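Data first, discussion second: the structure below is written as structure tokens.
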Amino acid sequence: MHSLSSSTPAADGFAMPAEWSPQAQVWMAWPERPDNWRLDAVPAQHAFAHVANTIADHEDVTLGVSARHYARARALLVPRVRLVELTTDDAWLRDTGPSFVRDAHGEVRAVDWVFNAWGGHDGGLYAGWADDDLVAAKIADLERVVRYRAPLVLEGGAVHVDGEGTCLTTEQCLLNRNRNPMLDRAGIERHLRDYLGVSTVLWLGQGIFNDETDGHIDNLCCFLRPGVVALAWTDDDSDPQYPISSEAWQRLTAMRDAQGRALEVVKLPLPSRAIALSVDEAAEILPRAGTLARPAGLRLAASYVNFLIVNGAVILPAFGDPNDARAAAILAEQFPDRAIRQVPGREILYGGGNVHCITQQQPL
């Protein structure tokens, strides 16, 4: 039976598993907005299809697409990618889809966060987000799982968990006035404990420089395994990211997780060159009132931390940069039992995120 629960996951014995836990499938959505994706979203569609098809080598994928784009998506996707008709405002399933939780008996349920397009009318990225706010409820219905509607504006990319009681997040995002202005830090922590089933919340400060999501944690820092995190890093002290990452490193090395462990911090380099839209690429996006404009030359928030762990593999963005290989080698050391699968990430970055942002794992 599927229904809306008036309880909380923690009260019912549910918690969000770590990303490296066995997965049933990964959820994605199809990019379609010509005011966010260049050339009527065609290059982005090829990039999303590449990600979906790569994940499908390892586990099932379900991708939501509008009726108008259904045939095109089907033509670009391998048969193991299941297509469902789904109305969305944009394709950021990490942030619009549910965060799945599981109990000790293996039952899976869905947490449906309030979505306001990364800030609503105070810095949000597009006007009109009602369809995206319905995505999590629709996925819960499709999967016939119990759903919790959390009383919290939150995107899935704003939190990372280790599956053992610890949650990572940033002050820049979750303490932003444009998310939950009626809640203080303690109130937000209480909701994270209730709906993610965690006991300890570790706060970093700022996210990646120029991250238009207000500094999502999944672009800056993530768990690799219990007690070990990856941190986006640069050794260039003239880079605006340098003080942000340095402060994050200082905080992380002083922290203890929910199990009392000190954290080991693995530094993942940023791309060696800043990435921005060219003049021609910026001109290929159709402007629309209410949608964030990305002018040519503006530095984008490129990060190798924005990868996805799936069954037997790590799906890692590549940017055509010399550090693509460095990042892959570091993660190969950290995940000796998983294949490192690099996929083209530039077109996804041009829309405002990367591999982790466009995917949402559903645990077994």
Side-chain angles (χ1 to χ4, degrees), residues 18-20 92 94-95 99 118-119 123 125 154-162 166-176 179 185 188 192 196 198 200-225 227-237 239-255 257 263-272 274-275 299-309 314-317 319 321 323-324 326-327 330-331 334 345 348-349 351-359:
E19 201 168 292
W20 53 81
W92 305 102
R94 176 65 49 181
D95 294 344
S99 297
W118 308 274
L125 303 189
L154 183 138
E155 307 89 39
V159 291
H160 255 297
V161 299
D162 68 352
T166 316
C167 173
L168 269 173
T169 191
T170 66
E171 295 164 348
Q172 182 187 359
C173 183
L174 287 198
L175 299 185
N176 197 307
R179 298 303 205 278
R185 184 189 302 251
I188 289 170
L192 294 176
L196 294 175
V198 298
T200 299
V201 180
L202 302 180
W203 293 87
L204 298 184
Q206 301 290 301
I208 289 288
F209 178 72
N210 268 5
D211 187 342
E212 61 197 42
T213 67
D214 299 312
H216 272 185
I217 192 70
D218 72 349
N219 224 19
L220 175 72
C221 184
C222 68
F223 287 106
L224 300 175
R225 55 190 178 276
V228 184
V229 298
L231 174 65
W233 187 261
T234 177
D235 288 317
D236 179 2
D237 61 8
D239 190 305
Q241 183 60 36
Y242 181 84
I244 298 172
S245 292
S246 296
E247 196 231 7
W249 185 87
Q250 290 169 355
R251 291 197 193 197
L252 288 164
T253 53
M255 286 173 170
D257 67 13
L263 296 176
E264 177 188 341
V265 183
V266 176
K267 295 176 178 177
L268 265 187
L270 291 176
S272 62
I275 299 175
R299 174 167 164 165
L300 301 176
S303 170
Y304 297 107
V305 172
N306 208 287
F307 61 81
L308 175 72
I309 304 171
V314 173
I315 315 299
L316 173 67
F319 301 105
D321 185 273
N323 280 347
D324 289 354
R326 284 186 61 201
I330 292 168
L331 290 179
Q334 296 297 319
I348 308 171
L349 175 66
N354 229 286
V355 171
H356 199 259
C357 304
I358 66 171
T359 54

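Just so it is clear, the values below take in all heavy atoms, side chains as well, and ignore hydrogens, waters and symmetry mates. Keep in mind that this is a model prediction, so the values were computed, not measured.
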Work out which heavy atom in [X] is nearest to a heavy atom in [Y]; give both atom names and the distance.
X: A232; Y: S245; result: O-OG, 2.7 Å
X: W233; Y: K267; result: CZ2-NZ, 3.5 Å
X: L252; Y: C221; result: CD1-SG, 3.9 Å
X: P317; Y: S303; result: CG-O, 4.0 Å

- Task: Can you sort out the partners of R185 under salt bridge (charged side-chain N to carboxylate O under 4.0 Å, His left out), two or more places apart, ordered by chain and number?
- Result: E171

Indicate yes or no: at least one non-hydrogen side-chain atom of [X] is less than 4.5 angstrom from one of [Y].
X: L308; Y: V314; result: no
X: D324; Y: F319; result: yes
X: V198; Y: T166; result: no
X: P269; Y: I330; result: yes
X: L196; Y: V159; result: yes

- Item | Trace of the side-chain hydrogen bond (donor to acceptor under 3.5 Å, both in side chains) decision for W118 with D214 | CA-CA 7 Å; W118 308 274; D214 299 312; over 6 Å; no

- Any donor-acceptor pair under 3.5 Å linking the side chain of Q172 with the backbone of G205? no

- Message: Please check: side-chain N/O of E264 versus main-chain N/O of V228, any donor-acceptor pairing under 3.5 Å?
- Response: no

Measuring from [X]:[atom1] to [Y]:[atom2], what's the distance to the nearest 0.5 Å?
X: T213; Y: R94; atom1: OG1; atom2: CZ; value: 13.0 Å
X: I217; Y: L168; atom1: CD1; atom2: CG; value: 5.0 Å
X: L192; Y: T169; atom1: CG; atom2: OG1; value: 6.5 Å
X: I244; Y: L220; atom1: CD1; atom2: CG; value: 8.0 Å
X: D257; Y: F223; atom1: CG; atom2: CZ; value: 6.5 Å
X: D95; Y: C357; atom1: CG; atom2: SG; value: 6.5 Å

- Taking only residues two or more places apart in sequence, or in another chain, which ones meet C173 in a side chain to side chain contact (heavy atoms under 4.5 Å, CB included)? E155, A158, T170, R179, H216

- Look at the rings of H160 and H356 and say which category their plane angle falls in: under 30° parallel, 30 to 60° tilted, over 60° perpendicular. tilted

- Query: So which of L204, T200, V229 actually passes side chain to side chain contact (heavy atoms under 4.5 Å, CB included) with M255?
  - Reply: L204

- Message: Please identify which of these residues, L331, N354, D321, N219, meets the side chain to side chain contact (heavy atoms under 4.5 Å, CB included) condition with Y304.
- Response: D321

- Message: More than 12 heavy atoms of other residues, nucleotides or ligands under 6.0 Å from CH2 of W203: yes or no?
- Response: yes

- Audit row: L231, L268, side chain to side chain contact (heavy atoms under 4.5 Å, CB included) steps and yes/no: CA-CA 6 Å; L231 174 65; L268 265 187; over 6 Å; no

- Begin with the C-alpha distance, continue with both residues' side-chain angles, and end with the deciding distance and a verdict on side chain to side chain contact (heavy atoms under 4.5 Å, CB included) for I208 and L270. CA-CA 10 Å; I208 289 288; L270 291 176; 4.1 Å; yes

- Run the numbers on T253 and V265 for side chain to side chain contact (heavy atoms under 4.5 Å, CB included), then give the verdict. CA-CA 7 Å; T253 53; V265 183; 4.1 Å; yes

- Message: Is there a side chain to side chain contact (heavy atoms under 4.5 Å, CB included) between L263 and L202? Walk through the geometry before answering.
- Response: CA-CA 11 Å; L263 296 176; L202 302 180; 3.9 Å; yes

- Does the distance from a Lys or Arg side-chain N to an Asp or Glu carboxylate O, for R299 and D211, drop under 4.0 Å? no

- Pairs in or reaching into residues 240-250: which pass salt bridge (charged side-chain N to carboxylate O under 4.0 Å, His left out), with residues at least two apart or in two chains? E247-R251

